[in-house]
Amino acid sequence: ISICRDLPNIEVITFSVNGISDLEPLNQCQNLTELYLRKNNIASLNELFYLKNLPRLRVLWLSENPCCGSDPHRYRMTVLRNLPSLQKLDNQAVTEEELSQALVDGEEITAPPAQRSVGNGCPETTKSNTAESTMETESELLSFGLEETNKIREELGMKPVPRDKFSSFSPQETDCNQNKRNNVLNAVLLLMKELDAEGLEIVQQMVARRLQAFQKKELQEE
């Protein structure tokens with residue numbers, strides 16, 4: 001997620017299921033309109049402090065993080081009190097009544113988290129992480145990753161990736177390796193939006209060479 005510090009013009013970020021615990025790198029993304037962070041390791045709602053100064057943020061998906069706690073009403077009211085410009089939270093539209101109620105039931109966040117979790121890519125293994133990993137099936141991870149990758153590709157004017165093709169470059173891996181591959185893929189797709197025509201041509205040439213190398217390797221193995 002640290003790559004976001006170098007992407008001030010990014011508009012859509014999809015980092016769900018990635019072990020993320022720190023939102024500080026997002027506080028400079030002034031053009032950010034949609035942020036998808038479902039199923040990460042965000043422990044405290046104080047991380048919202050880093051999103052409060054993003055004027056264009058309209059869509060946030062934060063559910064299934066530890067910070068959501070056991071009281072869904074308090075969680076939603078706190079998010080809306082601190083991010084009143086949201087139009088949709090956790091795939092549910094925000095109403096004017098909720099925004100008014102959030103001023104009463106929500107908690108005002110005025111400072112960032114006091115302590116920060118170590119690591120932002122592959123978190124240390126804990127009982128809770130192990131339990132969540134066990135509950136998360138490979139099929140669900142694949143479907144969710146495919147959905148969010150295709151959302152980015154649509155933003156770039158690219159064709160969606162068919163499920164069978166997505167599966168072909170998502171072999172069974174450890175959670176850490178799969179998270180790393182997803183991070184790299186999303187980072188590449190996001191960075192492509194920052195390139196001009198000349199830059200995209202260079203990327204196209206490099207991709208063609210890499211594909212040729214992979215195809216040659218596959219033929220040699222056969």
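All values derive from a computational prediction rather than experimental measurement.
Rounded to the nearest 0.5 Å, atoms CD1 (I10) and OG1 (T33) are 9.5 Å apart. Rounded to the nearest 0.5 Å, atoms CG (D22) and OG (S44) are 11.5 Å apart. Here T78 contributes atom OG1 and H73 contributes atom NE2; the two are 9.0 Å apart, rounded to the nearest 0.5 Å. Here the straight-line distance linking atom CG of L45 with atom CG of N65 works out to 9.5 Å at 0.5 Å rounding. The CD atom of E96 lies 10.0 Å from the CD atom of E98; values are rounded to the nearest 0.5 Å. Between the CG atom of L35 and the CD atom of E11 there is a distance of 13.5 Å, given to the nearest 0.5 Å.
For the pair W61 and T14, the minimum side-chain heavy-atom distance is 4.5 Å or more. No side-chain heavy atom of R5 sits less than 4.5 Å from a side-chain heavy atom of Q28. Side-chain atoms of C67 and L62, non-hydrogen and from C-beta on, do get closer than 4.5 Å to each other. Within the 4.5 Å cutoff, no side-chain heavy atoms of L32 are placed close to those of R56. The closest side-chain heavy-atom distance from V94 to R76 is below 4.5 Å. Between F49 and N27, every side-chain heavy-atom pair lies at or beyond the 4.5 Å cut-off. In this structure, I13 and L7 have side chains that are not in contact, with every pair of non-hydrogen atoms separated by 4.5 Å or more.
Between S63 and C68, the shortest heavy-atom contact is CA-SG, 3.8 Å. For the residue pair C29 and L54, the shortest heavy atom distance occurs at O-CD2, 3.4 Å. Considering all non-hydrogen atoms of both residues, P66 and A43 come closest at CB-CA, 4.0 Å. Of all heavy-atom pairs spanning L57 and E34, the tightest one is CD1-N, 4.2 Å. The two residues F15 and N40 come nearest to each other via the heavy atoms O-ND2, 3.0 Å. When every heavy atom of S85 is checked against every heavy atom of R58, the shortest pair comes out as O-CD, 3.2 Å.
A salt bridge links R81 to E108: at least one charged side-chain nitrogen sits closer than 4.0 Å to a carboxylate oxygen.
Checking side-chain atoms of N18 against main-chain N and O of I20 turns up no donor-acceptor pair under 3.5 Å. Distance alone, capped at 3.5 Å, is enough to place a donor-acceptor pair between the Q30 side chain and the N53 backbone. No donor-acceptor distance shorter than 3.5 angstrom exists from the side chain of N82 to the backbone of T110, with no hydrogens or angles considered.
Other residues, nucleotides and ligands place more than 12 heavy atoms under 6.0 Å from the CG atom of D71.
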